[in-house]
Every structure is written in structure tokens, then in C-alpha cells.
Amino acid sequence: MSLSAPLITDSTIEAATWLKKGQLLAYPTESVWGIGCDPFNKQAVMQLLDIKQRPIEKGMIVVTDSPSRITALLEGLSVTQRQRVLDSWQTDSKDTTAKQAHTWLLPVSQKLPIAIPAWITGAHNSVAVRVIDHPLVKQLCAQMVSASNPYGFVVSTSCNPSGQSPALSLSEAQGYFLGHHANLNECVGYLKGETLGYHLPSQIGDALTGKIIR
């Protein structure tokens, strides 16, 4: 595959290969489209921050496919705190109007098997993590697991330039980036799929206090 043209695929294996090469990827999430990269690739993260016009101090959200990938991060919580986080990631309801994606700020420690990079945590002593409900992105995260990324993390931020509404479809995602910036044609790929149709906006909470931040 030539990197001179954007990747548009329905293969999570191909999409993960793209991410591991340092490229950016737009993909469907629970309610809107997201755009992300390999969180352990500083150059890719900095490129994404530049596209989003987002200051590095804010930190970045990462997603993974299973709580079992982040056991080391959950160990920093009490039993009650941990259960609150795990319960929020149980999505048995079929009613998309009632479902909500939950991201939690999890404390980082020196005991982690692989340190979370400063360009992901930003100016915080925590990392924003969500176990994503989207089956396609779950597969993508599983493909990203490696010795350098045992958590299966993929950066997840809304797929839109600063000040614009998040993309709700593949065509809207391409409309934001494909063709408008020549350099982005070569660095942003697209994973075909539909959002899960969640009506409620995603929520961010502090795992230690339970306080909802957004």
C-alpha cells in the first residue's frame, strides 16, 4: 500500500498497520466520528494536536477494548472506585437514546509496566481512558496490542478541525480533511463503519472522586 494516497478500509488489521506506521486514522465511535493515532508515537500525536489546534497541556483521551488491558491502571483505585468505573462500561441496554460513553481520569503511577507518555497525560497526573463499546474499534484496539502498547490504546478525539462540529459519517470526516490539506491526504486514513447512534454526549469523570468533569 502506498502512503501517497489516503487509506480507506473496512479492515481493522490494515487500519492498525497504518497506525503503527505513524499515520492518523478517522473512525466511528459510539456517537460521533473520532480521529486518533498510536499514543506512544510522539510525532503522530503532535501532528494530531496540530490538526486539532489543541494544546498539549490538555492531554488526550485513549480508548481500549477491555478492562483487562488496563488492570495496572485500575489498581490505583479503591474497590468502590474501581467498581464505579467498571459498571459505567457495562452497556447491556439496547436503547441508544439512554446509552452514554464514559471516559475516566485514571491515576498514573511509577508501577505501570509501560509509562504513559507526557504528551498523552498533558499537565495531569492521570490518563483519560475509555473502554469503547464500538465492536469495530474494539477489534482495532486488540490489533494495537504490543510490547510497547500492552494496553491496546488508540488516541480518540472528535473528528473535526477546531471550532467545527464532530463528523457523524465517513463522508463528513473526509469532507473535513480529504482534499483540503494536501499533506493530510497522506497522513489521515479512514476506517469504514457507522457510529452506534448514541444520543447522549460522551462523559468524562474523575475516577478518584466520581466527579463528572464534562
Side-chain angles (χ1 to χ4, degrees), residues 27-37 39-40 45 48-49 52 54-135 137-138 140-142 144-145 149-160 165-166 195-214:
Y27 54 87
T29 69
E30 295 94 341
S31 56
V32 299
W33 269 63
I35 186 169
C37 61
F40 294 93
V45 173
L48 182 55
L49 289 171
K52 292 282 294 183
R54 180 183 176 88
I56 192 172
E57 293 79 14
K58 283 191 173 182
M60 302 291 282
I61 293 174
V62 291
V63 295
T64 188
D65 64 325
S66 170
S68 63
R69 304 274 191 210
I70 57 170
T71 299
L73 280 165
L74 296 175
E75 285 176 350
L77 305 177
S78 70
V79 173
T80 300
Q81 292 165 342
R82 189 182 309 123
Q83 196 58 52
R84 178 169 55 215
V85 170
L86 294 175
D87 286 347
S88 76
W89 289 331
Q90 299 299 316
T91 53
D92 296 331
S93 172
K94 304 299 181 183
D95 182 6
T96 56
T97 64
K99 286 186 174 183
Q100 188 170 35
H102 295 274
T103 298
W104 291 97
L105 301 178
L106 301 178
V108 296
S109 74
Q110 301 298 319
K111 299 179 181 179
L112 295 176
I114 297 294
I116 308 299
W119 53 85
I120 294 297
T121 59
H124 311 286
N125 294 319
S126 59
V127 57
V129 181
R130 181 166 86 255
V131 172
I132 197 161
D133 196 36
H134 200 293
V137 186
K138 281 180 177 286
L140 177 66
C141 291
M144 290 299 293
V145 174
N149 184 5
Y151 316 106
F153 282 157
V154 173
V155 169
S156 184
T157 186
S158 58
C159 185
N160 57 279
S165 299
T195 70
L196 297 186
Y198 284 24
H199 289 197
L200 295 174
S202 61
Q203 192 177 79
I204 300 176
D206 186 318
L208 291 178
T209 66
K211 180 181 179 181
I212 301 304
I213 298 170
R214 188 193 75 185

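On a predicted model such as this, the values are computed, not experimentally measured, just so you know.
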Atom pair CD (Q100) and OG (S202), whose distance is rounded to the nearest 0.5 Å: 7.5 Å
Flag for Q203-H102: side-chain donor and acceptor within less than 3.5 Å: yes
Verdict with reasoning, L86 to L74, per side chain to side chain contact (heavy atoms under 4.5 Å, CB included): CA-CA 9 Å; L86 294 175; L74 296 175; 4.0 Å; yes
Closest approach of R54 to G59 (non-hydrogen atoms, all atoms of both residues): NH2-O, 2.9 Å
4.5 Å side-chain heavy-atom contact, L196 and H134: yes
Note, V45 side chain near C37 side chain (heavy atom, < 4.5 Å): yes
Any side-chain heavy-atom pair of L49 and K58 under 4.5 Å: no
Exam field: side chain K99 to backbone Y198, donor-acceptor pair closer than 3.5 Å: no
Side-chain touch L208/L77, heavy atoms, less than 4.5 angstrom: yes
Test salt bridge (Lys or Arg N to Asp or Glu O under 4.0 Å) applied to R82 - qualifying residues, sequence neighbours left out: none
Evaluation steps, side chain to side chain donor-acceptor pair (under 3.5 Å), between T80 and S78: CA-CA 5 Å; T80 300; S78 70; 4.7 Å; no
Full working for side chain to side chain contact (heavy atoms under 4.5 Å, CB included) between L73 and V108: CA-CA 7 Å; L73 280 165; V108 296; 4.2 Å; yes
Flag side-chain contact, heavy atom, 4.5 Å: H124 against L105: no
Give every donor-acceptor pair under 3.5 Å between a side-chain atom in residues 149-158 and any protein atom, sequence neighbours left out.
from: N149; atom 1: OD1; to: G152; atom 2: N; distance (Å): 3.2
from: N149; atom 1: OD1; to: F153; atom 2: N; distance (Å): 3.1
from: N149; atom 1: ND2; to: F153; atom 2: O; distance (Å): 3.0
from: Y151; atom 1: OH; to: I114; atom 2: N; distance (Å): 3.3
from: Y151; atom 1: OH; to: I114; atom 2: O; distance (Å): 2.4
from: S156; atom 1: OG; to: Y27; atom 2: OH; distance (Å): 3.2
from: S158; atom 1: OG; to: K52; atom 2: NZ; distance (Å): 3.0
from: S158; atom 1: OG; to: N160; atom 2: OD1; distance (Å): 2.7

Exam field: side chain W89 to backbone D133, donor-acceptor pair closer than 3.5 Å: no
